[in-house]
Amino acid sequence: MSKVWLVTGSSRGLGRDFVEAALSRGDKVAATARNTDSFDELVAVYGDAVLPLRMDVTDKAAVFEGVKRAKEHFGRLDVVVNNAGYAQVGAIEELTEQQLRDQLETNVFGAVWVVQAALPYLREQRSGHIVQLSSAAGLIAMPLGGAYHASKWALEGLNEALAHEVADFGVKVTIIEPGGFATRSGKNPDPLDNGHLAETNPVYDGLRRRLAGMVGNQPAGDPAAAAQALLKIVDSDAPPLRVLFGLGFYPMLQQAYADRLKTWADWQDLSAEAQGKLASA
């Protein structure tokens, strides 16, 4: 049985590949973006199987209306992919209040509005799969990415809680944590040059230079391969709550989690002190 998808932020990048993979196997897709012109070629090929929806996920009313239109158009929703988002770059001291708010409005609140709009339909069906695009940046943090990390770490917690809340309704949740993936030009995008840069403070120039020598060294993943992997996840009867896309960050993540466990173990005595004396039974 074919599935009905709703994919946010699907005009380019991984979102676009997710849409094309679903359509190419006979599924139907409501594809959302702030500008839907890029979907014209998909409509020419797939006709009514694709529903272009103009949507800015920071506009709550527009999100609810768009999700409603998708449900009414196709009659159901099976897979909801929260893909819309971007990365704000800058040291914590460099960020303006508006830059931080904008980052959270898009990456966190936008994802919440999509879930809240879609969930009543999924609950009524007692089926469905919510897929949240997080990042390896939702599991570890690096300098100059504080705003982006804050948004992705928030999504990790939100969606883990969501998974427990909706399990009794037959709704599944998967958090996908990609590493770096190539653009359509074949390049691994530079996170330090993405159009969302805080005004730089020269005290961090040395740090920027060191990071510039490191970024881009991770092998770039193939978005088309990621899309095929996503198809396997949404077809699974027992999909994972979390899954990495790409192997480049796996050793770094292993070390990060080992370091956390060691630190907690090393400071257990202080943890016990912080507990204080237990009241006698």
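When a residue number appears, it is its place in the shown sequence, counting from 1.
The 12-atom threshold is not exceeded at CZ of R101, counting heavy atoms of other residues, nucleotides or ligands nearer than 6.0 Å. Surrounding CZ of F64 are more than 12 heavy atoms belonging to other residues, nucleotides or ligands, all under 6.0 Å away. Enclosure of atom CD in Q254 by more than 12 non-hydrogen atoms of other residues, nucleotides or ligands within 6.0 angstrom is indicated. More than 12 heavy atoms of other residues, nucleotides or ligands lie within 6.0 Å of NZ in K3, so this atom counts as buried by the packing criterion. D48 CG: 12 or fewer foreign heavy atoms inside a 6.0 Å radius. Annotation: Q116, atom CD; neighbour count of heavy atoms from other residues, nucleotides and ligands within 6.0 Å is above 12.
Salt bridge E177/K152: absent, no basic N to carboxylate O contact under 4.0 Å. Between E20 and R16 there is a salt bridge, since a side-chain N of the basic residue sits under 4.0 Å from a carboxylate O of the acidic one. The pair E165-R123 does not count as a salt bridge, with every side-chain nitrogen at least 4.0 angstrom from each carboxylate oxygen. Classification of R208 and D205 as a salt-bridged pair holds, one side-chain N sitting under 4.0 Å from a carboxylate O. Here R69 does not pair with E65 in a salt bridge; the nearest charged N to carboxylate O distance is not below 4.0 Å. Salt-bridge check for R126 with D168: failed, with every basic side-chain N at 4.0 Å or more from each acidic carboxylate O.
Here the closest heavy-atom approach between residue S10 and residue V19 is recorded as CB-CG2, 3.5 Å. The nearest pair of heavy atoms linking N82 to A111 is ND2-O, 3.1 Å. Taking each heavy atom of V243 and P240 in turn, the nearest pair found is CB-CG, 3.9 Å.
Hydrophobic cluster membership differs between V115 and V79, with clusters built from Ile, Leu, Val, Met, Phe, Trp and Tyr side chains linked at under 4.5 angstrom. The cluster map of Ile, Leu, Val, Met, Phe, Trp and Tyr, joined by side-chain heavy atoms under 4.5 Å apart, puts L95 and L197 in different clusters. A single hydrophobic cluster is not seen to contain both F245 and L241; linkage of ILVMFWY side chains at heavy-atom distances under 4.5 Å, directly or through other members, places them apart.
For the 3.5 Å distance criterion, the side chains of D27 and W5 qualify, holding a donor opposite an acceptor.
Within the cation-pi definition used here (under 6.0 Å to the ring centroid, within 45° of the axis), R260 qualifies as a partner of Y257.
Here the straight-line distance linking atom CG of L253 with atom CG of L244 works out to 6.0 Å at 0.5 Å rounding.
Take D102 and apply the salt bridge (Lys or Arg N to Asp or Glu O under 4.0 Å) test, not counting sequence neighbours, and it matches no residue.
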